[in-house]
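The block underneath contains the structure these notes are about, expressed in structure tokens.
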Amino acid sequence: MGRVFFCPANMRKGSNVTTGKKFEAVDSKVDFIALEHSILGLWKDRDVVNRYLHRNDGASKKFPFMDGPITANNPMGVHHAWGRSYKDIFLRFRNMQGYAQRFQNGFDGQGLWVEVEVEKEKGFKSKREIESYGIDRFVEDCKARVQMFSERISEQSKRLGYFMDWDNSYQTMSDENNYTIWLFLKRCADNGWLYEGEDVMPWCPRCGTGLSQQEIVTEGYQEIVHPGFFLKFPLLEREGESLLVWTTTPWTLVANVAAAVNKENDYVLVENTYTVNREERTEKIWLGAQRLHVLKGEHTVMETVKGSELAGWRYRGPFDEVPAQSKAKDAHRVLEWEDVGEEEGTGIVHIAPGAGAEDFRLGKENGLPIIAPLDDSGVYMTGFGFLDGRPVSEVNDDIFDDLKRKNVFYKVEKYKHRYPICWRCGTELVFRLVNEWFISMDELRPRLMEATRKMNWIPPFGEAREIDWLRNMGDWMISKKRYWGLALPIWKCADCGKFEVIGSDDELKVRAIEGWDAFAGNSPHRPWIDNVKIQCSGCGSTVSRIPDVGNAWLDAGIVSFSTLGYRHDRSNWEKWYPAKWISESFPGQFRNWFYSLITMSVALEGQPPAENVFSYALMRDEKGEEMHKSKGNAIWFEEAAEKMGVDVMRWVYSRHNPASNLNFGYGPGDDVRRQFLIPLWNIFSFFTTYAALDGWTVEQSLLNQKAGTPPSDELTELDRWIISETNLLIERVTEYMEGWRIEYAAQAIEQYVDGLSNWYVRLSRRRFWKSENDGDKIAAYSALHYCLTTLTRLIAPFMPFVSEQMWQQLTVGHDKNAPDSVHLADWPEADKSLIDEQLSRQTQLAIKLASLGRSARSQSRLKVRQPLAELLVEVRHDWEREALPVIERQLSDELNVKGVRDVTGKGGLLSYEVKPELRSLGPKYGKQLGDIRRLLGEADGAEIARLSESGQQIQLGEFTLEPGEVLVERRAAEGYAVATDGGYTAAVSTEVTPELRAEGIAREIVHIVQNLRKTAGLEISHRINLGIEAEGEIADALRTYTMYLIQETLASSFQLNYRVAGGTEETHDLDGGKVTVSLRRA
RNA sequence: GGGCCCGUAGCUCAGCUGGUUAGAGCGCUACUCUGAUAAAGUAGAGGUCGGAAGUUCGAGUCUUCCCGGGCCCA
């Protein structure tokens, strides 16, 4: 090694920046949760959050984040904390790198979810109750709820260590947000994309509103058991024959218009004999050829035809007598429909275009009449006979009886399937014919796809998911027949039918012909906005707003415009749009926020709203099961924060692969605390304890630029190694974080900490412990301090609390240029000149050989305290042989041997004993086995072992043995204990000479004294008076190693065969005799 | 029916563009070591990398098909 001058770039801030401040010892025991609270106080006292938010205000490079609004309807759970940790971590990382950023948090507050909670609070069960309570009061209650939970979530987020501009969060319920959506909707109308349509929609009878496609798919399906009704449709032109149909929604039978078959499939006519009420009955029934097993009783197949033969047949419907059927009953016939399958039911499908989404489409294609049976509360309208005025949920039994009476009932059996339910109240949905407002997607769809492909999706399969959604989705239904939400700015003339979209508050004021004064001063919500009337530009009539409110994803989708002053402050908007990145959980957001954000951005500006989309999966409990309040396995944020600690929580999140579900709980938290956080803390505690003891200060650091820069030979190989590793770590973590591979970054840090703890510190302990303040000791302090201060900044984004504590004690006041919070510090930059790949590989080799050496020692049954003469190693590569002298010291220290010898290629560490494998050789060779046994004994065991293990045949005199026909046993060569793995071998000589034995005894005694010091409650720095009573070889050893004993145990005085009066004492029975140790603080 | 993801040790998962003998943590047992460590080390196991075929000098990794699980759409 040449003389290299050390001066790490990240410490090169100028001369004389250090102070003579001493370190304060840190206890190895720590209460992380108390620490977190004290750090929260420190941040407050020093105004750290504010200074953090504005530290890059003047920066030329920027990295704008656009926050997806969190629903302000409930307190935050640990699953929210997961997503918010990602946001905070990447924001902190970029902030340390010096990018200007946006720190605006968002709250989502309009929509049915809030209404449902307020209804629960008030005990409302229907829309009528809301209206009699007063829409204005109800809306105010919704606003208040959102306000309350916004504050609650803000407080929780602060506890999480989430640094945001909390006083400046945006609200989707704000006037600005709503009016910006008006602008968007007007643009849609101008482009001809906005229309009012009739459709059959999934409908919640309790909430009295339709649900959009997006809403159903999230949590919208449940396994439900329904009655599967089988019934007969008698055919008009084929006397005595019936179609057998099946339905799980008997309430739709009254709206039946047609029956459908698949023209490709086979259908059969059967003569079916079965018993009803002890009476035998025979009927002719048509059904799918693959569905015969649904029949009761006996059957005989009479005829088989393709479905196309059935098309056009007319039948009598089950409810032809009710008035509402008057327009349909003569039209009942069989249709062809390719979607009819053979997997369930009878192969013949009942079609009710007014009560099913697919039915509606089929009806339109075939020009069928539509019968719509239900009102908006799920109650039958008039014209449906005995069903009139009855709620849909109660009619199954009566329909059942009625069909029996009409003799068209065949049978009923339970049927379990996935059925849509209301995602907020759990009510089973029905399908209803309604008028709703839509944004047409035909023109937008290709543009949305193009924008989606331009974005960088993390994980990459997100793009495919979004594209798949865009390909399959229908038009966007944006209306909702509710109260609390965006007031759709659509005024539709009752007289001429013309509708107009108002694009802003100013425009409305100009157009208003009445009601403006009643509205002015209120937010643009119901009921106040509904006062405002305009004049129809078509016919001049006075026009009211439609009563509908908007889909909540409009609210969240507009934020890339509304939060940036798109309407009034273009330059600000231009500065921050489009976002550099956004982040949400992916399972729901492809069709929700990602979708609406892209749609609105493309519609208004023709470009993607963000460059990068970082998304993540779902949280489960630690057993992998879904978390549910009712199941009792949900974890509240506050509880987790105070029990597990926020740093631990955040590290659990950080080290996890975001693309897969996270099994979260106290078990995994505990693992992180024990395996990562405590070892990390212990290094910190170790450093401060000894630095305080020795009075070492940063002024003395070899890694600061000072007059006479120290040459590298002050630093050991070990120091240079850990400094190299530190710079490698900086490189890696930076690269991973820039590539959004947060879990790689966290795992790299974990590996580094493990190496720092279990190799660097472990092997350096003696350097700190020895009493003289020499160059080697100063080098050790310098290296370790450098590592810790660098590491502190690398972990700051992930664990803001513990990193802050470490920064305060390692840097603040020691380095004059250091900011008073780690979160105001710069992200470290790697100094490539300090990275030594060769040294890295060499040390890896040392770690591997040490592991083998420990294994060998453990087989020798000799304690590591017993010094041994030498370690013999075999390695595989030339560079490894050359590296051995470099790592010799590390190995001999770690394994307590006097020297390391390279025996690569020399053999001899192992001897092999080969025996015949009798089970296979016996039957094969019979009596010749004796010869084989003899020949094997004479042969070269090592050579046979080699052949056998490389799968080659073995020539043994006249015999040729297969590789599996010998058994190889390894023995260590005489006088050695051996361990081998993957071509590497380590052996220790097991011979203990009298000299080695004496040294071993001395070390044993030191060990006993050290333990006794602990027992006596002495601190590390206390000096003692020591007395030992012993005889024979123990006494001899102590005489030889008196100086060693005194140094190691900090003894001011030592006397052999003496008992320290009034001290602590212990007697031990050693191999060489009894020994009594007594000591007392000097 | 279409799209996406997943299948590696008892459990939870790593394994990046194909490359020596597939790893970690947890869990179990035994032993060792310890004046930083509530730790650590060593050993014992435990795997036909879901299955089959193919491409290749070489496949956990690429291709195809199949099986199983999950999510989404229809």
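As the structure is a computational prediction, the values presented were derived from the model and not from experiment. Chain letters run A, B, ... following the sequence lines, proteins first, then strands; residues in each count from 1. Side chains included, hydrogens not; waters and symmetry mates left out as well; all remaining heavy atoms used.
Going from the C1' atom of B/G51 to that of B/G44 covers 32 Å, rounded to whole Å. With C1' as the reference atom, B/A45 and B/U56 are 35 Å apart, rounded to whole Å. Rounded to whole Å, the separation between the P atoms of B/U61 and B/G25 comes to 25 Å. Taking atom P in both B/U42 and B/A59, the straight-line distance is 32 Å, to the nearest Å. Atom name P, nucleotides B/U63 and B/C5: the rounded distance is 11 Å, in whole Å. Comparing the C1' positions of B/U29 and B/G70 gives an interatomic distance of 37 Å, to the nearest angstrom. Comparing the C1' positions of B/C28 and B/G10 gives a spacing of 10 Å, expressed to the nearest Å. Between the P atoms of B/A24 and B/C62, the separation comes to 23 Å (whole Å).
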**Item:** Test side chain to side chain contact (heavy atoms under 4.5 Å, CB included) applied to A/Leu718 and A/Ser764, step by step
**Value:** CA-CA 8 Å; A/Leu718 200 58; A/Ser764 301; 3.4 Å; yes
**Request:** Check the pair A/Tyr595, A/Trp553 against ring-ring contact (aromatic ring centres under 6.0 Å, His included), reporting the backbone distance first and the verdict last.
**Result:** CA-CA 9 Å; A/Tyr595 165 68; A/Trp553 293 108; 9.6 Å; no
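Across all strands, A/Arg673 comes closer than 4.0 Å to no nucleic acid atom at all (heavy-atom distances). Nucleic acid contact for A/Leu1018: base, since at least one base atom lies under 4.0 Å from a heavy atom of the residue. If you check every strand for non-hydrogen atoms under 4.0 Å, A/Ser757 touches a base. A/Tyr690 comes within 4.0 angstrom of the backbone, heavy atoms only, and of no base.
Ring geometry, A/Phe586 versus A/Phe461: the interplanar angle exceeds 60°, so the pair is classed perpendicular (tilted spans 30 to 60°). Ring pair A/Phe614/A/Tyr616 is tilted by interplanar angle, where 30° to 60° counts as tilted. Using the six-membered ring where Trp is involved, A/Tyr781 and A/Trp696 have ring planes that are parallel, under 30° apart on the 30 and 60° scheme. In this structure, A/Tyr690 and A/Phe686 have tilted ring planes: the angle between them lies in the 30° to 60° band.
We find that CG of A/Leu680 is positioned 16 Å from P of B/A39, with the value rounded to whole Å. Counting to the nearest Å, the C1' atom of B/G70 and the CZ atom of A/Arg620 are 8 Å from each other. A/Asp754 places its CG atom 17 Å from the P atom of B/A36, with the value rounded to the nearest Å. Summarising the geometry, the separation between CG on A/Leu756 and C1' on B/A36 is reported as 11 Å, rounded to the nearest angstrom. Atom CZ in A/Arg854 sits about 14 Å away from atom P in B/C33, given to the nearest Å. Atom CD1 in A/Ile467 sits roughly 15 Å away from atom C1' in B/G2 (whole-Å rounding). Remark: P of B/U37 and CD of A/Gln1010 are 12 Å apart, rounded to the nearest angstrom. Here B/A36 presents its C1' atom at 15 Å from CZ of A/Arg767, a figure rounded to the nearest Å.
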Distances under 3.5 Å only, N/O to N/O: pair up the protein atoms with those of nucleotides 24-28 of chain B.
residue : atom : partner  : partner atom : Å
B/G25   : O3'  : A/Gln675 : OE1          : 3.4
B/G25   : O3'  : A/Gln675 : NE2          : 3.0
B/G25   : O2'  : A/Gln675 : NE2          : 3.4
B/C26   : OP1  : A/Gln675 : NE2          : 3.2

Could you run down the sub-3.5 Å N/O contacts of the protein with nucleotides 5-14 of chain B?
residue : atom : partner  : partner atom : Å
B/A14   : OP1  : A/Asn657 : ND2          : 3.1

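Judged by distance alone, the side chain of A/Arg1003 and the main-chain N or O of A/Pro867 form no donor-acceptor pair under 3.5 Å. Under a 3.5 Å cut-off, the side chain of A/Arg673 and the backbone N or O of A/Met644 do not form any donor-acceptor pair. Side-chain N or O atoms of A/Asp621 include none that pairs as donor or acceptor with a backbone N or O of A/Met627 at under 3.5 Å. Side-chain atoms of A/His785 come within 3.5 Å of backbone atoms of A/Leu810 as a donor-acceptor pair (strictly under, hydrogens ignored).
Between A/Glu894 and A/Arg854, at least one side-chain N (NZ, or NE/NH1/NH2) sits under 4.0 Å from a carboxylate O, which counts as a salt bridge. Ion pairing of A/Glu463 with A/Arg465 is absent here, as no side-chain N (NZ or NE/NH1/NH2) approaches a carboxylate O to less than 4.0 Å. Between A/Asp719 and A/Arg767 a salt bridge is recorded (basic side-chain N to carboxylate O distance below 4.0 Å).
Pairing analysis of RNA chain B (Watson-Crick: purine N1 to pyrimidine N3 plus N6-O4 or O6-N4; G-U wobble: N1-O2 and O6-N3; both under 3.5 Å) yields stems of 3 or more pairs at B:1-7 with B:67-73, B:10-13 with B:23-26, B:28-32 with B:40-44, B:50-54 with B:62-66.
When the nucleotides B/G2, B/A36, B/G35 are ranked by their closest atom to the side chain of A/Arg762, B/A36 comes out on top.
Checking A/Ile678 against A/Val1009, the closest nucleotide of RNA chain B that is more toward the 5' end is the one next to A/Val1009.
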